[in-house]
Novice: 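Pasting a structure here, questions to come.
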Amino acid sequence: MIEVVGIRFKKAGKMYYFDPDGLKLSKEDDAIVETARGVEYGQVIKENTFVAEETIVPPLKKVLRKATKDDARTVENNEKREAEAFQICLGHIAHIGLDMKLVDVEMTFDRNKLIFYFTSDGRVDFRELVKELAADFRTRIELRQIGVRDEAKMLNGIGICGRTLCCATFLGDFQPVSIKMAKEQSLSLNPTKISGICGRLMCCLKYEEEVYEELNSKMPKVGDIISTPEGTGEILSTNVLLQQIKAAVRKTDNDPPTIAFFHADEIKVIKSKKKKKEFIPEELKAYED
């Protein structure tokens with residue numbers, strides 16, 4: 001076991017483990033830490049705890065010290081510098097005529113590096129832009145191309161549910177989301193109804209996926225022939241969450257069918273409908289990750 005603290009650098013960013021180096025840190029304390037890209041300012045979201053060594057990625061960087069009021073002022077000044085850098089970079093992009101959209105600018109706490117995040121439909125030759133920015137700020141410049149999901153996370157917004165975006169509020173990492181998840185939850189496969197403002201499938205499709213997988217595993221398929229307390233029938237539709245089955249049932253072969261509802265535990269499949277190969281239109285696959 002090894003002692004660590006969990007620190008996050010952005011509101012909905014990923015948590016990273018650091019060596020407390022003898023310091024006792026509480027949740028929501030601010031700390032100055034050593035990272036791969038330099039000295040950074042972060043917030044403790046997991047206080048001193050012991051974890052198995054195999055759960056961490058070595059080498060484990062150290063916490064340098066607790067943050068002070070001077071450090072907080074440095075962060076504020078850095079944020080002002082970031083806003084200035086954003087506007088200056090926009091001007092250079094327009095002057096050079098680059099096909100790219102600037103999303104955000106980030107300055108490391110020690111001011112040794114400026115990172116410019118952008119999106120673009122293709123590759124961008126930004127060598128001239130880097131030279132211009134380096135001459136303006138006289139520090140290390142990094143341009144990083146990001147995807148549409150990362151762009152939404154940085155900019156934030158309101159989802160179709162009426163709430164702020166999950167990715168910008170509490171999701172530390174993006175999880176793969178597929179059309180299969182929407183089908184298992186019996187959702188419309190209309191891209192406008194199952195896609196977020198980033199243009200990709202909504203992250204929330206993943207939240208209940210395990211529950212739906214378990215519930216669907218207990219349910220027969222539409223078209224199956226079943227034995228019920230009221231006779232033999234054919235399944236017309238299913239309600240996964242209620243574990244309810246709607247079927248056309250006959251007590252004898254000569255009786256007219258009647259519509260009845262049963263719980264999944266009340267029926268037994270006599271003949272299962274042949275499973276068709278799952279078909280997903282090509283135009284829908286573009287919305288997956």
Novice: Compare every heavy atom of K218 with every heavy atom of A264, then report the nearest pair and how far apart it is.
Specialist: CB-O, 4.2 Å
Novice: Check this for me: D255, atom CG, are more than 12 non-hydrogen atoms of other residues, nucleotides or ligands nearer than 6.0 Å?
Specialist: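 Correct, the count exceeds 12.
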Novice: Using the rule that Ile, Leu, Val, Met, Phe, Trp and Tyr join whenever any side-chain heavy atoms are under 4.5 Å apart, tell me whether L114 and M100 fall into a single cluster.
Specialist: yes
Novice: I'd like to check the side chain to side chain donor-acceptor pair (under 3.5 Å) partners of R163; sequence neighbours left out, ordered by chain and number.
Specialist: none
Novice: Any donor and acceptor pair, going by atom type alone, linking the side chain of R8 with main-chain N or O of K11 inside 3.5 Å?
Specialist: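 Answer holds: yes.
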Novice: What heavy-atom pair brings A52 and T55 nearest, and what distance separates the two atoms?
Specialist: O-OG1, 2.6 Å
Novice: Taking only residues two or more places apart in sequence or in another chain, which ones pass side chain to side chain donor-acceptor pair (under 3.5 Å) with E132?
Specialist: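 Partners of E132 by the side chain to side chain donor-acceptor pair (under 3.5 Å) criterion come out as none, since no residue qualifies.
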Novice: Does any non-hydrogen side-chain atom of V240 lie less than 4.5 Å from one of N216?
Specialist: yes
Novice: Check the angle between the aromatic planes of F9 and Y16 and answer parallel, tilted or perpendicular using the 30° and 60° thresholds.
Specialist: tilted
Novice: I'd like to know if E106 and K10 make a salt bridge, using a cut-off of under 4.0 Å between side-chain N and carboxylate O.
Specialist: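 A salt bridge is present here (some side-chain N lies under 4.0 Å from a carboxylate O).
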Novice: Among I93, T119, L143, which residue satisfies the side-chain contact (heavy atoms from CB on, under 4.5 Å) criterion with L102?
Specialist: I93
Novice: Output yes when a side-chain donor or acceptor of Q185 lies under 3.5 Å from a complementary backbone atom of L205, and no otherwise.
Specialist: yes
Novice: Spell out, as yes or no, whether a donor-acceptor pair under 3.5 Å connects the side chain of K153 to the backbone of C167.
Specialist: yes
Novice: If you define the side chain from C-beta out and look only at heavy atoms, does anything of E151 sit under 4.5 Å from L155?
Specialist: yes
Novice: Are the side chains of K183 and L189 in touch, meaning some heavy atoms are under 4.5 Å apart?
Specialist: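 When only atoms from C-beta onward are counted, L189 and K183 do touch, with a gap below 4.5 Å.
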Novice: Are L201 and L187 linked, directly or through other ILVMFWY residues, by side chains that come within less than 4.5 angstrom of each other?
Specialist: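 Yes: a chain of side-chain contacts under 4.5 Å links L201 to L187.
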Novice: Between the side chains of R140 and E142, is the shortest nitrogen-to-carboxylate-oxygen separation below 4.0 Å, so that they form an ion pair?
Specialist: no
Novice: Would you name the heavy atoms of I267 and P220 that are closest together and state the gap between them?
Specialist: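 Looking at all heavy atoms of both residues, the shortest contact is CD1-CG, 3.9 Å.
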Novice: Would a 4.5 Å heavy-atom cut-off, applied to side chains only, mark K246 and F261 as touching?
Specialist: yes
Novice: Evaluate the criterion side chain to side chain contact (heavy atoms under 4.5 Å, CB included) for residue pair F118 and K101; output intermediate values, then yes/no.
Specialist: CA-CA 5 Å; F118 71 95; K101 177 185 175 184; 5.9 Å; no
Novice: Any chance you could lay out the side chain to side chain contact (heavy atoms under 4.5 Å, CB included) test for V33 and V39, step after step, and finish with the verdict?
Specialist: CA-CA 6 Å; V33 298; V39 177; over 6 Å; no
Novice: Quick check for you: to the nearest 0.5 Å, what is the distance between M181 atom CE and E210 atom CD?
Specialist: 9.5 Å
Novice: Give, for atom CG of L133 and atom CD of E128, the distance between the pair rounded to the nearest 0.5 Å.
Specialist: 10.5 Å
Novice: Which pair of heavy atoms, one from T49 and one from K46, lies closest together, and at what distance?
Specialist: CG2-CE, 3.9 Å
Novice: Give, for atom CD1 of I226 and atom CD1 of I270, the distance between the pair rounded to the nearest 0.5 Å.
Specialist: 8.0 Å
Novice: Between the main-chain N or O of L25 and the side-chain N or O of N48, is there a donor-acceptor pair closer than 3.5 Å?
Specialist: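 Pair found, side chain donor or acceptor close to backbone of L25.
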Novice: Might you point out which heavy atoms bring A31 and V44 nearest each other, and give the distance in Å?
Specialist: CB-CG2, 4.5 Å
Novice: Please write out which residues are connected to I45 in a hydrophobic cluster, directly or through intermediates, given that two of Ile, Leu, Val, Met, Phe, Trp, Tyr count as joined at side-chain heavy-atom separations below 4.5 angstrom.
Specialist: I2, V4, M15, Y17, V51, I56, L60
Novice: Determine whether a donor-acceptor pair (N or O, by modelled atom type, separation under 3.5 Å) exists between the side chain of T139 and the backbone of N112.
Specialist: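 Yes: the side chain of T139 pairs with the backbone of N112.
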Novice: Can you tell me how far apart CD (E208) and NZ (K206) are? Round to the nearest 0.5 Å.
Specialist: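 Here the interatomic distance stands at 12.5 Å.
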Novice: Before you tell me yes or no, could you show the steps for D110 and T108 under side chain to side chain donor-acceptor pair (under 3.5 Å), namely the whole-Å CA-CA distance, both residues' side-chain angles and the distance that decides it to 0.1 Å?
Specialist: CA-CA 6 Å; D110 56 12; T108 58; 2.8 Å; yes
Novice: Is F137 reachable from M107 through a run of hydrophobic residues whose side-chain heavy atoms are each under 4.5 Å from the next?
Specialist: yes
Novice: Between A85 and V105, what is the shortest heavy-atom contact and its length?
Specialist: CB-CG1, 4.0 Å
Novice: Can you list everything that forms a ring pair (Phe, Tyr, Trp, His ring centres under 6.0 Å) with F262? Sequence neighbours excluded, please.
Specialist: none
Novice: May I ask you to decide if D99's main-chain N or O and S120's side chain share a donor-acceptor pair within less than 3.5 Å?
Specialist: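 Yes, because the side chain of S120 sits within donor-acceptor range (under 3.5 Å) of the backbone of D99.
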Novice: Could you tell me which residues satisfy side chain to side chain donor-acceptor pair (under 3.5 Å) with S186, sequence neighbours excluded, listed by chain and number?
Specialist: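 S186 satisfies side chain to side chain donor-acceptor pair (under 3.5 Å) with no residue once adjacent residues are dropped.
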Novice: Spell out, yes or no, whether I7 and F109 are grouped together once hydrophobic residues are joined by side-chain heavy atoms under 4.5 Å, including indirect joins.
Specialist: no
Novice: Should I194 and I179 count as side-chain neighbours, where that means a heavy-atom distance under 4.5 Å?
Specialist: yes
Novice: In terms of side-chain heavy atoms, does T68 have a donor or acceptor partner in D71 at a distance below 3.5 Å?
Specialist: yes
Novice: If only side-chain N and O atoms count, and only distance matters, is there a donor-acceptor pair under 3.5 Å linking T252 with N254?
Specialist: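 T252 and N254 do not have a side-chain donor-acceptor pair below 3.5 Å.
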Novice: Is there a side-chain contact between Y207 and C166 (heavy atoms, below 4.5 Å)?
Specialist: yes
Novice: Before accepting this row, confirm whether a basic side-chain N of the pair K80/E84 lies closer than 4.0 Å to the acidic partner's carboxylate O.
Specialist: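 Between E84 and K80 there is no salt bridge, as every charged N stays at least 4.0 Å from the carboxylate O atoms.
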Novice: With sequence neighbours excluded, what pairs up with R250 under the side chain to side chain donor-acceptor pair (under 3.5 Å) test?
Specialist: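 None.
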Novice: If you group Ile, Leu, Val, Met, Phe, Trp and Tyr by side-chain heavy-atom gaps below 4.5 Å, do L98 and I141 land in one group?
Specialist: yes
Novice: With a 4.5 Å limit on heavy-atom distance, are the side chains of K14 and D173 in contact?
Specialist: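 K14 vs D173: side chains touch.
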Novice: To the nearest 0.5 Å, what is the distance between SG (C89) and CD (E82)?
Specialist: 13.0 Å
Novice: Do the non-hydrogen side-chain atoms of D150 and F174 ever get within less than 4.5 Å of each other?
Specialist: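 Side chain of D150 against side chain of F174, heavy atoms only: contact under 4.5 Å found.
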Novice: Report yes or no: do N78 and R111 form a side-chain donor-acceptor pair below 3.5 Å?
Specialist: yes
Novice: Distance-only, no hydrogens or angles: does the E213 side chain make a donor-acceptor pair with backbone N or O of E184 under 3.5 Å?
Specialist: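 Side chain of E213 to backbone of E184, a donor-acceptor pair under 3.5 Å: no, none is there.
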Novice: How many angstroms lie between atom OG of S195 and atom CZ of R200, to the nearest 0.5 angstrom?
Specialist: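 These two atoms lie 9.0 Å from each other.
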